[in-house]
Amino acid sequence: MPNETPSAPENQTVLVSQTDGLVTITLNRPDKLNAFTVEMNRALQVALGTAAQSESCRAILLTGAGRGFCAGQDLADPAATAEGGLGDLLGDLFNPLVRLIRSTEKPIICAVNGVAAGAGANVALACDIVLAAKSAKFIQAFSKIALIPDCGGTWFLPKLIGEARAKALAMTAAPVSAEQAMDWGMIWKAVEDDALMAEAEALAQSLANGPTYALALMKEAIQAAGHEGLNAQLEMERDLQVKAGNSPDYAEGVAAFSEKRAPRFTGKAS
């Protein structure tokens, strides 16, 4: 059976392609460093939602076209300066986008190919695994226009790098290089610019071929650890481990280990 490929929205501010079980979503406003408009935000949510619901999609790779990942919200978009616009942008668009990324039961890998500023930085940090080109920079640019970090920035940053660094980055808008972000634990890895997409695609494809049902349970448990106490987390681990242990992939993993062969995972819950 041919792959079920999610179609790209007609406006093409977001491009979608699929190879085997991997769906690649590319932000596509390169002349504006892929800054968000209302149109692009909605298109990204459609693309993510379609991939999340597609049985043939087992992992998602998010990146940007051209020389930047995403410069944040496009301030030339009328929605950014309309009365009540910021509240509507966050409540109706950015907050649902971040929730969608965090709740999608497929691993989402982000390849940051250039500047990731403002909302663009925090959308990247919302993803499960972030790789960045060594020339990339992460910038909490909000203070430059008298705003606060949004898109989960005030939640992700303290948990990833600690309160002191989070406050400093938010208040100064100082850029963080990819290598510094890796050293601080903000992202998974910084790689050479010309190797970024090959490495990101290889990682994403390996996850797509892996036990994706178990990976979804891992994502659920690790994200819950930010607000659960140890006792509650232990109980959650027990319950999720039972689910994982009842899956066909667990039986296949054990059989493959015993037979000294590569496992053939399906990602099915039952």
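In this chain, residues are counted from 1 in sequence order.
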Which donor-acceptor pairs under 3.5 Å do side chains of residues 217-226 form with protein atoms, sequence neighbours excluded?
{"unit_1": "Lys219", "atom_1": "NZ", "unit_2": "Ile101", "atom_2": "O", "d": "2.8"}
{"unit_1": "Lys219", "atom_1": "NZ", "unit_2": "Thr104", "atom_2": "O", "d": "2.8"}
{"unit_1": "Lys219", "atom_1": "NZ", "unit_2": "Asp128", "atom_2": "OD1", "d": "3.4"}
{"unit_1": "Lys219", "atom_1": "NZ", "unit_2": "Asp128", "atom_2": "OD2", "d": "3.1"}
{"unit_1": "Gln223", "atom_1": "OE1", "unit_2": "Arg102", "atom_2": "NE", "d": "3.4"}
{"unit_1": "Gln223", "atom_1": "NE2", "unit_2": "Arg102", "atom_2": "O", "d": "3.0"}

Side-chain donor/acceptor of [X] to backbone N/O of [Y], under 3.5 Å:
X: Asn28; Y: Asn34; value: no
X: Lys106; Y: Ala52; value: yes
X: Asp249; Y: Pro211; value: no
X: Asp20; Y: Leu22; value: no
X: Thr212; Y: Leu215; value: no
X: Thr172; Y: Ala168; value: yes
X: Asp74; Y: Phe36; value: no
X: Thr37; Y: Met40; value: yes
X: Arg29; Y: Ala35; value: yes
X: Thr26; Y: Ala65; value: no

query: So which pairs with a foot in residues 259-270 pass salt bridge (Lys or Arg N to Asp or Glu O under 4.0 Å), sequence neighbours left out?
result: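 Pairs touching residues 259-270 that pass the test: Glu252-Arg261, Glu259-Arg261.
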query: Which residue pairs satisfy the salt bridge (Lys or Arg N to Asp or Glu O under 4.0 Å) criterion with at least one member in residues 147-165, sequence neighbours excluded?
result: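 Output for this query lists Glu163-Lys167.
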Cluster question for you: counting only ILVMFWY and a side-chain heavy-atom cut-off of under 4.5 Å, with indirect links fine, are [X] and [Y] together?
X: Ile108; Y: Val23; value: yes
X: Leu169; Y: Ile187; value: yes
X: Leu89; Y: Trp155; value: yes
X: Leu62; Y: Trp188; value: no
X: Met186; Y: Ile129; value: no

Student check: side-chain heavy atoms of [X] and [Y] closer than 4.5 Å:
X: Ser143; Y: Met171; answer: no
X: Asn122; Y: Val98; answer: no
X: Gln12; Y: Leu15; answer: yes
X: Phe138; Y: Gln180; answer: no
X: Leu97; Y: Val123; answer: yes
X: Ile148; Y: Phe142; answer: no

message: If the condition is salt bridge (charged side-chain N to carboxylate O under 4.0 Å, His left out), which residues does Asp77 pass it with, not counting sequence neighbours?
response: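 Checked Asp77 against salt bridge (charged side-chain N to carboxylate O under 4.0 Å, His left out); zero matches.
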- prompt: Mind checking what makes salt bridge (charged side-chain N to carboxylate O under 4.0 Å, His left out) contact with Arg238, not counting sequence neighbours?
  reply: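 In terms of salt bridge (charged side-chain N to carboxylate O under 4.0 Å, His left out), with neighbours along the sequence ignored, Arg238 is linked to Glu235.
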- prompt: Are Tyr213 and Phe265 close enough that their ring centres sit under 6.0 Å apart?
  reply: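 Judged by ring-centre distance (under 6.0 Å), Tyr213 and Phe265 do not meet the cut-off.
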message: Would you compute the distance between atom SG of Cys110 and atom CD1 of Ile60 and round it to the nearest 0.5 angstrom?
response: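 Atom-to-atom, Cys110:SG and Ile60:CD1 are 12.0 Å apart.
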message: To the nearest 0.5 Å, what is the distance between CZ on Phe69 and CG on Leu33?
response: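 Here the interatomic distance stands at 12.0 Å.
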query: Looking at residues at least two apart in the chain, or sitting in another chain, which of them share a side-chain hydrogen bond (donor to acceptor under 3.5 Å, both in side chains) with Ser135?
result: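 Ser135: side-chain hydrogen bond (donor to acceptor under 3.5 Å, both in side chains) contacts with Asp193.
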message: Is it the case that over 12 heavy atoms from other parts of the model lie below 6.0 angstrom from the CD atom of Glu105?
response: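 No, CD of Glu105 has 12 or fewer neighbouring heavy atoms, counting only those of other groups under 6.0 Å.
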message: Is it the case that atom CH2 in Trp184 sees more than 12 heavy atoms from other parts of the structure closer than 6.0 Å?
response: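 Yes, because the 6.0 Å sphere around CH2 of Trp184 holds more than 12 heavy atoms from other groups.
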- prompt: Which pair of non-hydrogen atoms, one from Pro158 and one from Gly153, has the smallest distance, and what is that distance?
  reply: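 Shortest heavy-atom separation between Pro158 and Gly153 comes out as CD-O, 3.9 Å.
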- prompt: Going by distance alone, is a donor N or O of one side chain under 3.5 Å from an acceptor N or O of the other, for Gln18 and Thr24?
  reply: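 Short answer, no.
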